[in-house]
Amino acid sequence: MSSPKVALVIPAYNETAVLPELFRRLTAIFDAQPHVAWSAILIDDGSKDGTGDLLVAQCQRDGRFRMLGLSRNFGFQAALMAGLEQCTGVDAVVTMDADLQDPPEIIPQLVGAWQQGAEVVLAVRRSREETGLRRMGFNLFHAWFGRLVDLPIERNTGTFCLLNQAAISAFRQLPEAHRFFPGLRAWVGFTRVEVLYDRKERAAGEPAQNFYRLIRYAFDGIFSFSRLPLRFLTLCGVFIASMGFAIGVFFIVRRLMGIEIAQVGFTTLVTLVLFLGGVQLIGIGVLGEYLGRVYDEVKRRPNYIVKRRVGFE
Ligand code: UDP
Ligand code: MG
């Protein structure tokens with residue numbers, strides 16, 4: 001039997017500080033597991049710090065490494081997709097971050113679970129070394145996300161996972177532009193197995209995904225997988241309209257009975273007008289989130305553009 005072909009798909013954006021260490025640790029794993037035909041596809045997501053040059057040099061040094069250079073920074077999800085779509089002829093793919101927050105030493109366990117029959121193997125964080133606001137944000141998101149969406153999305157999973165051939169081709173068929181990888185992974189289904197690991201701080205450098213990007217990512221997760229915000233707005237509308245109706249009837253009846261209506265205070269009016277105006281604006285904003293997504297989808301632009309390929313046949 002020929003050895004199984006496993007490809008790692010690793011997006012990298014301005015990661016010169018961690019790449020040498022990443023290469024060293026990946027090579028060690030590849031060498032220790034010669035019964036697997038390894039390859040590593042690194043996607044240079046329009047880096048500006050020489051990440052591309054480091055990747056090309058590594059591809060020339062070691063034939064197991066490949067590089068896809070995108071024409072600009074398309075963002076993590078697009079880079080990941082580029083890797084998944086371009087890695088043809090492999091039996092399984094492991095997706096992971098370049099910054100060594102996903103320890104490569106877990107990869108053999110993922111591969112082992114796959115060889116025992118799992119179709120999707122998820123690396124599940126036992127712990128997270130992040131602190132402060134970021135940590136709070138992550139916890140809040142993971143706690144609420146599962147309740148908002150109608151999918152069994154595994155908690156404490158990120159990018160780090162293994163997909164078998166069938167799961168990869170399911171992924172390649174998804175046409176949407178707004179991608180939330182953990183959500184889509186839950187959506188495609190397949191039997192899954194979990195492997196626990198400890199999530200590290202990034203080995204070096206700064207997180208390329210700043211807080212704003214993570215919020216956008218969280219929005220993508222919620223708005224692409226749930227219609228609950230719209231339903232909630234409808235409920236708010238129904239509630240406020242019923243209140244308005246009841247209050248209206250109350251005052252009309254009093255008026256008809258000839259009961260003098262006390263002067264309604266300025267404060268009440270201002271509060272009502274501002275509150276209702278605010279609710280309506282939030283409503284328009286939520287509608288806009290959905291509409292904007294529809295707009296992006298109908299444009300049908302490709303999610304990324306490949307400028308350079310190194311190491312592919
Ligand atoms: N990344 C990317 N394109 C971007 C931003 C990030 O390919 O526009 C890569 C980055 O190099 C890293 C991974 O995505 O390998 C995760 O990024 P980061 O560590 O900044 O995110 P976090 O760990 O905070 O989610
Ligand atoms: Mg990171």
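Counting begins at 1 with the first residue of the sequence. Both counts, for ligands and for their atoms, begin at 1 and track the order of listing.
For Asp99, the nearest N, O or S atom to the Mg ion (ligand 2) falls under 2.8 Å.
Distances between N or O atoms of Ala98 and those of ligand 1 include at least one value under 3.5 Å.
No donor-acceptor contact under 3.5 angstrom links the side chains of Glu105 and Tyr197, judged on distance only. Side-chain contact annotation: Arg309 with Gln86, donor-acceptor N/O pair under 3.5 Å present.
Side chain of Thr51 to main chain of Ser47: no donor-acceptor pair is present (N/O by atom type, distance under 3.5 Å, no hydrogens or angles).
Arg293 places none of its side-chain heavy atoms less than 4.5 Å from the side chain of Glu176. Put simply, the side chain of Leu19 reaches to within 4.5 Å of the side chain of Leu22, judged on heavy atoms.
Here Asp97 has heavy atoms under 4.0 Å from ligand 1 in both its backbone and its side chain. Heavy atoms of Asn73 found under 4.0 angstrom from ligand 1 belong exclusively to the side chain.
Counting the atoms of ligand 1 from 1 in the order shown, those under 4.0 Å from a heavy atom of Phe76 are 2 (C), 3 (N), 4 (C), 8 (O), 9 (C), 13 (C), 14 (O). Taking every heavy atom of Glu15 and a limit of under 4.0 angstrom, the matching atoms of ligand 1 come to 10 (C), 11 (O), 12 (C), 15 (O). Atom numbering of ligand 1 starts at 1 in the shown order; those under 4.0 Å from a heavy atom of Ala12 are 7 (O), 11 (O).
Aromatic pair Phe250/Phe245: centroids not less than 6.0 angstrom apart.
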